[in-house]
Amino acid sequence: MKIIPYEIKTGFENMQIDSDLLEESIAEQCKEPIFRLYGWSPACVSLGRNQKDDFLDYDFLESENIDVVRRLTGGRALLHDDEITYSFICPVSYLEHGENVTQSYMEISQFLIEKFKKLGVDLNFGGENGVHTKFDYCMLISTGADLCYQGKKLIGSAQCRKQGYILQHGSILFDYNIELLEKIFDEKVDTSYITSIRQIRSDLSKEDIINVFMNC
């Protein structure tokens with residue numbers, strides 16, 4: 001597995017890097033997967049590939065120095081702020097069940113489960129709470145592609161596929177600002193649906209998590 005060192009970039013740069021890595025993998029017909037961890041500065045709202053942006057107050061976002069970017073992947077919007085983001089790129093053939101979207105999510109996410117287990121955090125797949133389609137904020141929507149801690153969503157992921165390759169990336173909540181989320185998405189954030197590393201293990205730092213993933 002090729003590991004890309006952790007770095008902090010703007011939203012545009014982060015999405016461009018993911019796109020470039022996918023295109024390079026396709027062009028070079030890479031057989032091994034690529035794993036990347038990254039952060040965001042300034043904070044940024046990412047929109048799903050086909051998601052409308054009419055719920056966003058761009059004046060408010062500008063006043064808070066929050067960027068907006070569109071992802072290659074689908075799904076609903078996310079605020080990328082106090083988090084760690086991952087991306088995983090591989091040929092469909094690398095996975096045992098790569099042709100099946102649901103099973104491919106589970107295979108790739110198993111890598112995340114194993115790493116968090118080393119940190120004493122036991123994760124499992126979501127979906128128990130169903131899909132809440134009225135929400136624009138992705139973390140309030142629970143699907144089988146999510147990773148949860150004790151029934152609460154910690155990691156939300158999305159995929160895109162191109163020419164036999166998969167890009168899956170996702171948001172690992174380190175902490176979150178409920179007031180800011182509610183202002184951005186104009187909806188109540190029910191904390192019974194989500195959790196964060198800070199809530200699960202307050203003694204863990206971002207560096208602890210990054211180090212576990214970087215030492216493959």
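The first residue in the sequence is number 1, and the count goes up from there.
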(request) Using the test ring-ring contact (aromatic ring centres under 6.0 Å, His included), find all partners of Y38 that sit at least two apart in sequence or belong to another chain. (result) W40

(message) To the closest 0.5 Å, what do you measure between CG (L123) and CD1 (I155)?
(response) 5.5 Å

(request) Using atom types as modelled and distance alone, determine if a side-chain donor or acceptor of R70 lies under 3.5 Å from a backbone N or O of G48. (result) yes

(message) I'd like to know if K52 and D54 make a salt bridge, using a cut-off of under 4.0 Å between side-chain N and carboxylate O.
(response) no

(request) May I ask you to list the residues sharing a hydrophobic cluster with F12, side-chain cutoff 4.5 Å, ordered by chain and number? (result) none

(request) Using a strict 4.0 Å threshold on nitrogen-to-oxygen distance, state whether D57 and K183 make a salt bridge. (result) no

(request) Search all heavy atoms of S157 against all heavy atoms of D146 and return the closest pair with its distance. (result) N-OD1, 4.2 Å

(message) Closer than 4.0 angstrom, basic N to acidic O: yes or no for K162 and E23?
(response) yes

(message) Assess, by modelled atom type and distance only, whether the side chains of S104 and E107 contain a donor and an acceptor separated by less than 3.5 Å.
(response) no

(message) Is it the case that the side chains of E207 and N211 hold a donor-acceptor pair, with the cut-off being a distance below 3.5 Å and no angle test?
(response) no

(request) Report the C-alpha separation of F116 and F213 in whole Å, then their side-chain angles, then the decisive distance to 0.1 Å, and conclude whether the ring-ring contact (aromatic ring centres under 6.0 Å, His included) test is met. (result) CA-CA 9 Å; F116 272 101; F213 277 96; 5.7 Å; yes

(message) Looking at every non-hydrogen atom in both residues, tell me the closest pair between M15 and R71 and how far apart they are.
(response) SD-CG, 3.9 Å

(request) Specify the closest pair of heavy atoms between Q159 and Y105, including all atoms of both residues, with the distance to one decimal. (result) N-OH, 2.9 Å

Taking distance alone, no hydrogens or angles, what donor-acceptor pairs closer than 3.5 Å link side-chain atoms of residues 91-99 to residues at least two apart or in another chain?
residue	atom	partner	partner atom	Å
H97	ND1	Q103	OE1	3.4

(request) Before giving the answer on salt bridge (Lys or Arg N to Asp or Glu O under 4.0 Å), spell out for D82 and K206 the whole-Å C-alpha distance, their side-chain angles and the decisive distance to 0.1 Å. (result) CA-CA 10 Å; D82 198 359; K206 287 184 181 178; 2.8 Å; yes

(request) Would you please classify the geometry between the Y86 ring and the F35 ring as parallel, tilted or perpendicular, with 30° and 60° separating the classes? (result) parallel

